[in-house]
Every structure is written in C-alpha cells, then in structure tokens.
Amino acid sequence: MQRIGVLGSGNVGTVLANGFLSHGYAVVRGSREPAKLGDWLEQAGPNARTGTFADAARAAEIVVLAVKGEAAEAVLDLAGADALAGKVVIDTTNPIAASPPVNGVLRYFTTLEDSLMERLQRRVPAARFVKAFSIVGNALMVDPKLPGGPPTMFICGNDAAAKRDVTAILDRFGWLTEDMGAAEAARAIEPLCILWCIPGFQGRGWAHALKMLR
Ligand SMILES: NC(=O)c1ccc[n+]([C@@H]2O[C@H](COP(=O)([O-])OP(=O)(O)OC[C@H]3O[C@@H](n4cnc5c(N)ncnc54)[C@H](OP(=O)(O)O)[C@@H]3O)[C@@H](O)[C@H]2O)c1
C-alpha cells in the first residue's frame with residue numbers, strides 16, 4: 001500500500017486525504033498542530049495517521065502540499081529538505097494574496113515571470129514537484145461527476161516520471177490530464193484558479209471545472 005503524506009489541515013487536505021484513503025492508499029496527515037486533526041483521525045479508519053509536517057513528509061512515498069500559499073515555503077522548511085528529497089510533491093497551492101479580490105478577481109503575490117511552484121522547486125531542488133489539483137474547488141477534486149464528463153487537470157513539473165505517477169493518481173480520481181511541460185508552466189496554471197473562482201464570486205455557483213477540447 002503506497003503511503004501519501006498530506007501536508008495540510010484545511011479543506012484541500014481533508015478532501016485529498018479522504019480521496020487517497022477511499023482509493024486504497026495509506027495517509028499520514030501533517031500540521032503544525034497535529035491535535036487539530038483528531039476529529040478527522042477518529043473517522044478516517046485504520047490506514048490513517050497524523051503528525052507534524054516533518055512526520056508526514058518522512059513517512060510518505062508521495063507528498064501532497066495543501067497549505068496556504070503564503071506559508072508554502074515555510075512549510076517545506078518545517079517538513080525538511082532531507083525528508084522531501086527524491087519524492088514526488090504534488091503541489092496544490094495557489095499564491096493568493098492577503099488583499100481581497102477585485103470584482104471577483106483574486107490577487108496573487110507572484111508575477112507571470114515566477115510562479116509559486118518555481119519558488120518551491122528552488123527551495124527544495126531535490127524534490128520532484130508536480131502542480132496538480134490547483135485549478136478546481138476541493139468539492140470536485142476527487143471523483144468529479146459533471147454532466148460534461150471528466151474534466152481536465154492541467155499539470156506541470158520538471159520530472160517526467162513524477163508526472164507519470166501523478167497522472168496515474170489523476171486517472172484513478174476521475175480526471176483527464178494535460179501535461180503542460182516544465183515548472184515554468186505553473187505561471188499559466190496557477191492563474192487558472194483566478195478564472196475558476198470568478199463565476200463563484202459572481203453568484204453563479206462553484207460546481208464547475210475546466211475541460212480541454214480539440
Ligand atoms: N480550498 C480550495 O477549494 C482550493 C482549491 C484549489 C487550490 N487550493 C489551494 O490549496 C491550498 C490549501 O487550501 P485550503 O483551503 O485547504 O487551506 P488553507 O487555509 O489555505 O491552508 C491551511 C494550511 O496552511 C497551513 N498554514 C497556514 N498558515 C501557516 C503558517 N504561517 N505557517 C505554516 N503553515 C501555515 C496550515 O497549517 P496548520 O495545519 O499548522 O494550521 C494548514 O495546514 C491553498 O494554497 C489554496 O490556495 C484550495
């Protein structure tokens with residue numbers, strides 16, 4: 001059984017941790033305060049554990065980074081570069097700034113010349129980052145059921161084998177995967193979250209996803 005380290009006590013951490021458990025993986029979930037995951041652990045079943053960010057990173061074969069964008073680099077430091085070295089790190093984060101959206105358009109603290117995932121990859125060069133799950137709300141991340149059929153997950157990263165591993169997970173989780181290339185493509189993928197959120201902020205609901213058609 002493959003063990004996934006989910007760094008994050010928020011909604012994305014919960015949904016993906018539960019998704020991995022339901023698809024037959026073991027999960028170690030990390031937080032600065034593991035005690036806050038007690039309620040989750042009680043209902044999560046025998047293949048779930050909790051610990052610090054470092055505990056989850058060390059125990060994992062594949063790591064999921066599901067923390068606030070502004071804290072993502074600090075969380076990598078807490079997890080430990082040694083614990084992350086050589087591992088696939090699925091980066092779900094978006095660089096959402098603290099200031100409020102303008103007419104439903106989120107503000108980012110990054111630029112179009114340097115994405116958050118590129119910063120993370122520079123922070124831990126030996127980890128194999130793959131951007132994924134960042135372009136859709138957590139309610140649709142696992143087994144999305146939409147009238148238009150399976151939606152598209154755009155991924156990117158510098159390591160081809162890591163992207164194959166993440167594509168296999170996305171296949172199981174009900175997604176079509178489009179590999180957009182190396183880490184620089186995160187400059188284009190991360191802003192898709194801004195686009196995805198606009199209908200929601202405009203009162204048109206959040207139950208949508210993107211699809212690549214040819
Ligand atoms: N919510 C969605 O539907 C959605 C969809 C796509 C992508 N995303 C992205 O996914 C990521 C997770 O989102 P989320 O909504 O689940 O939760 P979130 O509230 O953005 O993040 C919660 C996590 O961030 C950590 N954190 C916050 N401030 C920190 C700090 N100063 N130092 C260290 N860790 C800190 C928390 O650590 P502790 O556990 O220690 O408190 C917690 O694990 C975000 O980057 C978000 O943009 C979210």
Side-chain angles (χ1 to χ4, degrees), residues 4-20 27-41 44 48-57 60 63-80 83-84 89-101 104-110 115-121 123-124 129-144 151-156 166 170 173 175 186 188-201 205-210:
I4 312 295
V6 177
L7 311 185
S9 61
N11 291 335
V12 175
T14 299
V15 163
L16 290 180
N18 291 342
F20 279 107
V27 170
V28 185
R29 213 164 151 201
S31 166
R32 286 169 299 178
E33 299 168 62
K36 72 162 75 161
L37 295 166
D39 288 347
W40 174 80
L41 188 60
R49 280 166 40 200
T50 58
T52 63
F53 288 129
D55 294 333
V63 174
V64 176
L65 183 64
V67 298
K68 196 174 173 189
E70 285 179 323
E73 290 184 275
V75 170
L76 294 183
D77 294 347
L78 291 171
L84 298 169
V89 180
I90 302 177
D91 173 25
T92 75
T93 65
N94 280 309
I96 298 173
S99 42
V105 180
L106 288 171
R107 294 196 238 207
Y108 274 13
F109 59 79
T110 49
S115 62
L116 179 55
M117 195 181 82
E118 289 169 272
R119 289 192 193 182
L120 302 178
Q121 184 65 77
R123 191 90 169 188
V124 187
F129 285 89
V130 179
K131 195 95 214 169
F133 295 107
S134 63
I135 62 161
V136 72
N138 64 82
L140 287 169
M141 284 181 179
V142 180
D143 304 319
T152 303
M153 186 61 71
F154 296 97
I155 71 167
C156 69
V166 174
L170 287 165
F173 282 21
W175 287 88
I189 295 175
E190 289 171 1
L192 291 177
C193 159
I194 302 178
L195 185 75
W196 183 88
C197 284
I198 289 174
F201 285 128
W206 302 90
H208 51 266
L210 307 177

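Counting starts at 1 for both ligands and their atoms, following the listed order. No hydrogens, no waters, no symmetry mates; every other heavy atom, side chains included, goes into these values.
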Side-chain touch N94/L116, heavy atoms, less than 4.5 angstrom: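 Of all side-chain heavy-atom pairs linking L116 with N94, none is under 4.5 Å.
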
Quick check: does [X] get an N/O under 3.5 Å from an N/O on ligand 1?
{"X": "V12", "value": "yes"}
{"X": "S134", "value": "no"}
{"X": "T93", "value": "no"}

So, for [X] and [Y], which heavy atoms are closest and what is the spacing to 0.1 Å?
{"X": "A60", "Y": "G5", "value": "CB-N, 3.2 Å"}
{"X": "R123", "Y": "E73", "value": "NH1-OE2, 3.5 Å"}
{"X": "I96", "Y": "C193", "value": "CD1-SG, 4.5 Å"}

Closest protein heavy atom to [atom], given as residue, atom name and distance to 0.1 Å:
{"atom": "atom 34 (N) of ligand 1", "answer": "V75 CG2, 3.4 Å"}
{"atom": "atom 41 (O) of ligand 1", "answer": "K36 NZ, 2.5 Å"}
{"atom": "atom 24 (O) of ligand 1", "answer": "K68 N, 3.1 Å"}
{"atom": "atom 43 (O) of ligand 1", "answer": "S9 N, 2.8 Å"}
{"atom": "atom 29 (C) of ligand 1", "answer": "A71 CB, 3.3 Å"}
{"atom": "atom 30 (C) of ligand 1", "answer": "R32 NH1, 3.2 Å"}

Yes or no: does [X] have any heavy atom under 4.0 Å from an atom of ligand 1?
{"X": "A66", "answer": "yes"}
{"X": "E70", "answer": "no"}
{"X": "C193", "answer": "no"}

Is ligand 1 under 4.0 Å from a heavy atom in the side chain of F133, in the backbone, in both, or in neither?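 Answer for F133: backbone.
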
Is it the case that the side chain of D55 and the backbone of T52 share a donor-acceptor pair, with hydrogens and angles ignored and the cut-off at 3.5 Å?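 Checked: pair present.
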
Polar side-chain atom of E190 near backbone of M117 as donor-acceptor pair, under 3.5 Å: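 Confirmed, E190 side chain pairs with M117 backbone.
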
Heavy atom to [atom], shortest distance: which of [options] holds it?
{"atom": "atom 5 (C) of ligand 1", "options": "V136, L192, D91", "value": "V136"}
{"atom": "atom 8 (N) of ligand 1", "options": "D77, T92, I96, V64", "value": "T92"}
{"atom": "atom 11 (C) of ligand 1", "options": "L116, V67, V6", "value": "V67"}

Can you name the residues that form a ring pair (Phe, Tyr, Trp, His ring centres under 6.0 Å) with F53, not counting sequence neighbours?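 F53 satisfies ring pair (Phe, Tyr, Trp, His ring centres under 6.0 Å) with no other residue.
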
